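Letters A, B, ... mirror the listed sequences (proteins, then strands); counts begin at 1. Just so it is clear, the structure is predicted and the values come from calculations on it, not from any experiment.
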Protein chains: 2
Amino acid sequence: MKTTIENIRNQLSDKGLKVTPQRIAILEAVYGVGGHPTADNIIEHIRKNNPNIASGTVYKVLDTLIENKLIRRVTTDRDVMRYDGVMGKHHHLYCTECDLIEDYIDEELDTVLREYFKNREIKGFHIKEFVLQIKGTFDKC
Amino acid sequence: MKTTIENIRNQLSDKGLKVTPQRIAILEAVYGVGGHPTADNIIEHIRKNNPNIASGTVYKVLDTLIENKLIRRVTTDRDVMRYDGVMGKHHHLYCTECDLIEDYIDEELDTVLREYFKNREIKGFHIKEFVLQIKGTFDKC
DNA sequence: TCCTAAATGAGATTTATTATCTTTTAAGAG
DNA sequence: CTCTTAAAAGATAATAAATCTCATTTAGGA
């Protein structure tokens, strides 16, 4: 699934959202900037071509995209928010040396986890989804 | 392992940290306030008995406790930091309705995960630790 | 092409967190 | 037990991420 401009326009309009240049640029940036960008990374990236975008707009658009399930937040133990354009089931590699967070997609792992919890109820809790945080270091670090 | 005051004093002095009333109160609060408290939850809790504690002190002490591996941060997709006094391997239940985060301790799960990744190298990445985020809802929510 | 609700821009505001600097204190030495 | 001093706490100022407000602009249907 390539993320062309046309594709991005469709994602927005399919959700009933107005297709604005800002929204396109922000969604493109979330897809394009690797390692799960912060709002600031996204602003910096977009300003290269579109220097006049307001930072408030970026925050507002990111929230709108999250509400409409086009992107999601990434959980971290830092105080700056990071964003993720991959909406399918997946897990994350957290590097303890650099601050990159990479995707880890593994269908089999999902099956293993689902199976494991099939016979193991957690009393008083209804499971919806698993996200495994795999912490360690990249070789390059 | 009960967490008596004496126990807390020892944890601090074992790390070569000065044993101050503030540090004791803060560590006690991290243990005592359920659901993984924010700095603000901790400040509020402590001020009941110790109204004069400075909020800057709480943040500084929390950092010190983290550096000395007496507590850790909890990862979330919110912009307020939360803290965890349980240092052993464990996982977390995230409620999507309320904002409680509960511990989930499961030795067997750790074994399953370790086994699973024993024959499944992630190229370019050296695994140190797993934390499973189990997202769902508590029955009471 | 026009109209209007929705989106953006600019900038003020809030709030969690950090930094600075002075005063106080824990705890080891004598 | 007292003295000394490095470390910690308190008070408050400073940052910075994120939110809010409101005037202006714009997407997209009529």
A:Ile42 and A:Ile5: same hydrophobic cluster, using ILVMFWY side-chain contacts below 4.5 Å? yes

Verdict with supporting geometry, A:Leu113 and B:Leu109, side-chain contact (heavy atoms from CB on, under 4.5 Å): CA-CA 9 Å; A:Leu113 287 172; B:Leu109 175 60; 4.3 Å; yes

Could you tabulate the donor-acceptor pairs under 3.5 Å formed by side-chain atoms of residues 48-69 of chain A, not counting sequence neighbours?
{"residue": "A:Thr64", "atom": "OG1", "partner": "A:Lys60", "partner atom": "O", "Å": "2.9"}
{"residue": "A:Asn68", "atom": "ND2", "partner": "A:Thr64", "partner atom": "O", "Å": "2.8"}

**Prompt:** Got a sec: does the CZ of A:Arg47 have more than 12 other heavy atoms crowding it under 6.0 Å?
**Reply:** yes

Between B:Leu70 and B:Met87 the two heavy atoms that sit nearest each other are O-CG, 3.6 Å

Numerically ordered, the residues 48-64 of chain B set in heavy-atom contact under 4.0 Å with DNA chain C is B:Tyr59, B:Asp63

task: Kindly say if A:Gln22 contacts the phosphate of C:dG9, meaning a side-chain N or O under 4.0 Å from OP1 or OP2.
output: yes

Please tabulate, for the side chains in residues 129-141 of chain A, all donor-acceptor contacts under 3.5 angstrom to protein atoms that are two or more places apart in sequence or on a different chain.
{"residue": "A:Gln133", "atom": "OE1", "partner": "B:Thr75", "partner atom": "OG1", "Å": "3.3"}
{"residue": "A:Gln133", "atom": "NE2", "partner": "A:Thr75", "partner atom": "OG1", "Å": "3.3"}
{"residue": "A:Gln133", "atom": "NE2", "partner": "A:Tyr94", "partner atom": "OH", "Å": "3.1"}
{"residue": "A:Gln133", "atom": "NE2", "partner": "B:Thr75", "partner atom": "OG1", "Å": "3.1"}

Here the residues of residues 68-81 of chain B within 4.0 Å heavy-atom distance, strictly under, of DNA chain D are B:Asp79

Between A:Pro37 and A:Val33 the two heavy atoms that sit nearest each other are CD-O, 3.5 Å

Between A:Arg73 and B:Asp77 the two heavy atoms that sit nearest each other are CD-O, 2.9 Å

Residues pairing under side-chain hydrogen bond (donor to acceptor under 3.5 Å, both in side chains) where one sits in residues 108-127 of chain A, two or more places apart or in two chains, turn out to be A:His91-A:Asp110, A:Glu108-B:Arg120, A:Glu115-A:Lys118, A:Tyr116-B:Asp106, A:Arg120-B:Glu108

Taken to the nearest whole Å, CG/A:Leu17 to C1'/C:dT8 is 15 Å

According to a 4.5 Å side-chain heavy-atom criterion applied to Ile, Leu, Val, Met, Phe, Trp and Tyr, with indirect links allowed, do A:Ile122 and A:Val112 form part of one hydrophobic cluster?
yes

Contact span of DNA chain D against chain B, any nucleotide atom under 4.0 Å from a heavy atom, 5' to 3', runs D:dA6 to D:dA18

The side-chain contact (heavy atoms from CB on, under 4.5 Å) partners of B:Glu6 (sequence neighbours excluded) come to B:Thr4, B:Arg9, B:Asn10

| field | Common cluster, B:Val86/B:Ile71, ILVMFWY with side-chain heavy-atom separation under 4.5 Å | value | no

Read 5' to 3' with Watson-Crick or G-U pairs under 3.5 Å, [ ] for crossing pairs and | for partners on another strand, DNA chain C gives ||||||||||||||||||||||||||||||

Residues at least two apart in sequence or cross-chain that pass salt bridge (charged side-chain N to carboxylate O under 4.0 Å, His left out) with A:Asp99, listed by chain then number, are A:Arg82

So, with a heavy-atom separation below 4.0 Å from DNA chain C, the residues of residues 23-46 of chain B are B:Ala39

Residue set satisfying ring-ring contact (aromatic ring centres under 6.0 Å, His included) with B:His90, at least two apart, ordered chain then number -> B:His92

Without placing hydrogens or testing angles, list every side-chain donor-acceptor pair under 3.5 Å for residues 16-29 of chain B, not counting sequence neighbours.
{"residue": "B:Thr20", "atom": "OG1", "partner": "B:Arg23", "partner atom": "N", "Å": "3.1"}
{"residue": "B:Arg23", "atom": "NH1", "partner": "B:Lys18", "partner atom": "O", "Å": "3.0"}

